[in-house]
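For reference, the structure is listed below as structure tokens.
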Amino acid sequence: MVVSSTDILGHTETYIGRKKKDDGTYEDGGGFPWIRDHVYGGNDLGGKILGDADFSGRIRDAVSSMVDPAYQAQVQKATTYMEYTQGRVRNILGGCFGDYKYTDPAYVNRVAQKPYLHNTFVNFRPNTNANNAVEKIFGAGEGCSGDRDGDKGQDHSYVLIDIPDNVEKFSNTEVFGAGAFNGLGMRYPAADTFVKGETPFDLNEASAIIDLMRGKIGAAYGGSYEEGVTRRTVVNVPLGSTIKIGSIFGGAYGSGAYKPCDVYEANVNYLTQSENAYLISDPTGTNKLMKGAIYGGNNYARRTLYGKINISSRVRQKHPTYGMTSATIYGAGCGALTWSEYTEVNLNNGANVWEVYGGGEAGSVMSAESAQKYIALNPNALSDADWKAAWSLGSGYDAETLSTGYAANKYTNLTNPLVRTAEMDDRVLTNEQKTSIGNKYNTWYGCKGYLCSRYVGISL
């Protein structure tokens, strides 16, 4: 189900499981739709959605105080609003469809502009109906494989997970801040997103943001599912949250090593002090979502360039053998096909975790210099076009010449403003290194008033 393929001057609202009564008022949970496939908040083939509306009143009182005031703009001025109460649907996508080969002659003369909308608000607030079922939730749209224009088709998203306690129906549901084959936030030129001073760029305007308030779900990913480049992600477990979740990724999922499914800047913030919030571990591997850990990078494949994790409380893990213990934190990704270029894990006052790795579980941390050498190798002999696409972000983030410019590019190396400068550095650096990277590392671990059994600066 999609909304339209033409320009919409106003906004869109989609309610799943809400019924209009004879007196003109609405009843939440008054209908039970059975939808075979997916629901989209945005357009189909093309067109823009130009308006917005305030939906702050649709946030339940039980969680409204947990919403960071910094995200109010995302809530109060939503271009498309998607609310789920009850029903059966495979995937919920807040953004557009756009799964077309736009270079095909059948579409070239029919589409004046690919679909675009500014932002989405997906409010997942189900009831306790025993027949409810949702497989995946996306803050952005579907998109088409290989079409990186889709990453410019939406600027930002806000996904609010508000599932009543003791509801098990969504324990395997996956949540994505971006889309299936689309990222978001890449319409803005790279230089604009780093503007500081009196009128700094608001990075929330180019971000996929997820608030995990309460309920039990399988996994959360800041980025997209199979493909897509996302400028910035923020996955929050806010103060007061009682979320129960298998794993949290600041990055994306990723379907293959050479299909861009990337996050430029990923952030995970774990703040809750509640004993009822925890990660769930399944060491048998039967349920692959239940890793019982937090990752700054991707799950299966591809890269998160700059990742940061902030821990300010005990991160509990529910283990089938050991009961309630503490979780492990990985600065980078999970799978062997994932890599990060800079990771930062901050254990703030009150943090309590089991182990901390600056690198990944099986994922790597690759410096820009190492990436440059790998680019020059092209070990699987991909075509020049495919190899360039595999390393391209777009919107001015890329070096002019891929084969020689990657390591010297400030948007992909340690001179980037996102990289933290160490207060101390005992390395012996050449003059060139002092100028280029100074006291900067590819993996960073900071702590204050924390409890941790072990820290390792690189991957397992």
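Residue numbers run from 1 in the order of the sequence given.
Closest non-hydrogen pair, Y330 versus G360, comes out as CD2-C, 3.5 Å. Between L184 and S157, the shortest heavy-atom distance links the atoms CD2-OG, 3.5 Å. Nearest heavy-atom pair across W391 and D398 is O-OD1, 3.7 Å. Considering every non-hydrogen atom in both E361 and C334, the closest pair reads OE1-SG, 3.6 Å. Across all their heavy atoms, S281 and H319 have their closest contact at OG-CD2, 3.8 Å. Nearest approach of Q72 to V67, heavy atoms of both residues: NE2-CG1, 3.5 Å.
Side chain of Q372 to backbone of L402: a donor-acceptor contact under 3.5 angstrom is found. No donor-acceptor pair under 3.5 Å is formed between the side chain of S207 and the backbone N or O of I209. K291 places a side-chain N or O within 3.5 Å of a backbone atom of K288 that can act as its donor or acceptor partner. Within the 3.5 Å criterion, the main-chain N or O of L212 finds a donor-acceptor partner in the side chain of S241. Remark: side-chain polar atoms of Q74 are not paired, donor with acceptor, to backbone N or O of Y158 under 3.5 angstrom. Formation of a donor-acceptor pair under 3.5 Å by the R88 side chain with backbone atoms of N132 is not found in this model. Looking at T284, its side chain does come within 3.5 Å of a backbone N or O of T286 through a donor-acceptor pair. The backbone N or O of K77 sits less than 3.5 Å from a side-chain atom of N119, completing a donor-acceptor pair. N380 places no side-chain N or O within donor-acceptor distance of the main-chain N or O of L382, the cut-off being under 3.5 Å. T80 places a side-chain N or O within donor-acceptor distance of the main-chain N or O of G94, the cut-off being under 3.5 Å.
Atom CG in L203 sits 12.0 Å away from atom NE2 in H156 (nearest 0.5 Å). Atom OG1 of T12 and atom CE of M82 lie 7.5 Å apart (nearest 0.5 Å). Annotation: the span from M213 atom CE to L160 atom CG amounts to 5.0 Å, rounded to 0.5 Å. In this structure, N378 CG and W387 CH2 are separated by 5.0 Å, a value rounded to the nearest 0.5 Å. Between R232 atom CZ and E205 atom CD the span is 11.0 Å, to the nearest 0.5 Å. Going from atom CG of N269 over to atom CD1 of I248 covers 10.5 Å, rounded to the nearest 0.5 Å.
Annotation: side chain of W339 is in contact with side chain of R302 (closest heavy-atom distance under 4.5 Å). With a 4.5 Å cut-off on side-chain heavy atoms, E226 and S145 do not count as touching. Side-chain contact between Q317 and W354: absent, with no pair of heavy atoms (C-beta onward) separated by less than 4.5 Å. I280 has its side chain out of reach of D282: every pair of non-hydrogen atoms, C-beta onward, lies at least 4.5 Å apart. At least one side-chain heavy atom of I245 sits under 4.5 Å from a side-chain heavy atom of L279. Using a 4.5 Å heavy-atom cutoff, the side chains of L117 and C96 are in contact. Looking only at side-chain heavy atoms (C-beta outward), Y81 and H11 stay at 4.5 Å or farther from each other. Two residues are said to be in side-chain contact when any heavy atoms from C-beta on lie closer than 4.5 Å; I217 and I137 fail this criterion.
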Take Y258 and D386, measure what side chain to side chain contact (heavy atoms under 4.5 Å, CB included) needs, and give me the verdict at the end.
CA-CA 8 Å; Y258 305 118; D386 287 346; over 6 Å; no
Apply the test side chain to side chain contact (heavy atoms under 4.5 Å, CB included) to residues V345 and T343: give CA-CA distance (whole Å), side-chain angles for both, the deciding distance (0.1 Å), then the verdict.
CA-CA 7 Å; V345 180; T343 72; 5.5 Å; no
Walk me through whether E227 and R148 qualify under salt bridge (Lys or Arg N to Asp or Glu O under 4.0 Å).
CA-CA 9 Å; E227 295 181 28; R148 297 281 54 83; 3.4 Å; yes
Kindly indicate, with the supporting measurements, whether the criterion side chain to side chain contact (heavy atoms under 4.5 Å, CB included) is fulfilled by Y397 and R231.
CA-CA 10 Å; Y397 288 90; R231 171 56 179 86; 2.7 Å; yes
Passes side chain to side chain contact (heavy atoms under 4.5 Å, CB included), L45 versus Y100? Steps please.
CA-CA 7 Å; L45 176 64; Y100 298 95; 3.4 Å; yes
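In summary, of the residues considered (Y253, F124, F138), a ring pair (Phe, Tyr, Trp, His ring centres under 6.0 Å) with F176 occurs for F138 alone.
For an aromatic pair to be called close, the ring centres must be under 6.0 Å apart, and F121 with F55 fails this. Aromatic rings of Y264 and Y306 (six-membered ring for Trp) have centroids within the 6.0 Å cut-off, being under it.
Aromatic ring pairs are classed by plane angle as parallel below 30°, tilted from 30° to 60° and perpendicular above 60°; the pair F249 and Y221 is parallel.
For the residue pair Y71 / N204, no side-chain donor-acceptor distance below 3.5 Å is found, with atom types taken as modelled. Between Y116 and D155, the side chains place a donor N or O and an acceptor N or O closer than 3.5 Å (distance only, hydrogens not considered).
Counting non-hydrogen atoms of neighbouring residues, nucleotides and ligands closer than 6.0 angstrom, the NZ atom of K169 exceeds 12 such neighbours. Other residues, nucleotides and ligands contribute at most 12 non-hydrogen atoms within 6.0 Å of the CG atom of D384.
Remark: K308 does not engage E265 in a salt bridge, criterion side-chain N to carboxylate O under 4.0 Å.
R316 forms no cation-pi arrangement with Y270, by the criterion of a distance under 6.0 Å to the ring centre and an angle within 45° of the ring axis.
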